[in-house]
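Note: hydrogens, waters and symmetry copies are ignored here, and every other heavy atom, side chains too, is used. Owing to the predicted nature of the structure, the values given are computational and were not obtained by experimental measurement.
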Amino acid sequence: MRSMRLHRDTGALQPSGVAGYGGDVVSREWAVKVVEAHLASRPPQADPDRTLVVVGTEEYRFGWFVYIQCVRWVRTRSHRDLLAGPGYFLVDGLDGSLHHMNASANRISGSWIQDYLEEVRGVPHPDPLRPRGAETSPPAFSARHRVTGPNPEPVR
């Protein structure tokens, strides 16, 4: 997941982990602003009717789902004008970071939640084979490195 955030002071879109974000709980208006800034930073479409715009939001326990679709569909609301697979965005409610959600990520079943918790929030996946109480002891070895930002570097 590529993580971006909108700088509150400058309004510039930048990678997560860059100083300048206050860390308050993110409002719906702010989430829409972050996604609109990201969409505006993309190269223009050859067909202006295929330009992506925000079409809706939904509050979720991790932040805001922001849905996008093309301008033509907004105008006609015809299923023939729907773009297949643009996905949607999750704007993290704690730090304002922007995460593109694949169109196949089922937001209702929550099949993506464990990956999100591990990759973005750094919450370890519970090991069903580890005995109870062993969570406090350090692991015998570490086969994975936690990474941060769009250009991952190991964090030690």
Side-chain angles (χ1 to χ4, degrees), residues 1-128 144-155:
M1 290 182 192
R2 185 166 182 221
S3 181
M4 301 291 285
R5 87 171 39 127
L6 193 64
H7 193 285
R8 284 203 175 188
D9 298 328
T10 65
L13 198 62
Q14 59 192 5
S16 291
V18 176
Y21 186 82
D24 305 355
V25 175
V26 174
S27 69
R28 179 165 69 70
E29 293 77 19
W30 183 256
V32 169
K33 192 175 180 179
V34 168
V35 173
E36 287 174 341
H38 173 71
L39 295 175
S41 71
R42 297 175 57 170
Q45 295 287 324
D47 179 1
D49 279 349
R50 297 292 180 201
T51 301
L52 295 174
V53 294
V54 172
V55 295
T57 59
E58 180 182 357
E59 189 170 14
Y60 194 71
R61 66 183 178 178
F62 298 125
W64 293 93
F65 285 130
V66 181
Y67 303 99
I68 58 174
Q69 194 47 255
C70 70
V71 171
R72 180 179 289 168
W73 179 82
V74 171
R75 191 173 54 250
T76 67
R77 299 290 177 168
S78 170
H79 69 280
R80 287 180 278 174
D81 294 327
L82 279 171
L83 288 182
Y88 49 96
F89 291 95
L90 173 67
V91 177
D92 191 291
L94 294 179
D95 68 2
S97 57
L98 176 66
H99 308 278
H100 182 256
M101 304 298 289
N102 189 323
S104 65
N106 188 333
R107 66 177 177 73
I108 296 169
S109 74
S111 58
W112 56 273
I113 292 175
Q114 191 59 46
D115 290 337
Y116 177 79
L117 289 173
E118 286 180 34
E119 293 176 26
V120 176
R121 297 255 176 112
V123 176
H125 183 69
D127 185 352
R144 295 170 50 171
H145 294 282
R146 206 174 112 225
V147 297
T148 60
N151 297 319
E153 294 179 13
V155 177

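Here the closest non-hydrogen pair linking P124 and Q114 is O-NE2, 4.2 Å. In terms of heavy-atom proximity, C70 sits nearest to D49 at CB-O, 3.5 Å.
In this structure, the separation between CZ on R121 and CG on D95 is 7.0 Å, given to the nearest 0.5 Å. Rounded to the nearest 0.5 angstrom, T51 OG1 and R72 CZ are separated by 10.5 Å. Expressed to the nearest 0.5 Å, how far NE2 of H38 lies from CG of L98 amounts to 6.0 Å. Between the CD atom of E29 and the CH2 atom of W64 there is a distance of 7.5 Å, given to the nearest 0.5 Å. The structure places CZ of F62 at 4.0 Å from CG of L117, a figure rounded to the nearest 0.5 Å. In this structure, CG in L39 is found 6.0 Å from CG in L52, a value given to the nearest 0.5 Å.
For R75, the CZ atom counts as densely surrounded, since its 6.0 Å shell holds more than 12 non-hydrogen atoms of other residues, nucleotides or ligands.
Using modelled atom types, one side-chain atom of Q69 and one backbone atom of L83 make a donor-acceptor pair closer than 3.5 Å.
Checked against side-chain hydrogen bond (donor to acceptor under 3.5 Å, both in side chains), E58 has the following partners two or more places apart in sequence or in another chain: Y67, R107.
Taking the six-membered ring for Trp and the full ring otherwise, the centers of W112 and Y88 sit at least 6.0 Å from each other.
R77 forms a cation-pi arrangement with W73, by the criterion of a distance under 6.0 Å to the ring centre and an angle within 45° of the ring axis.
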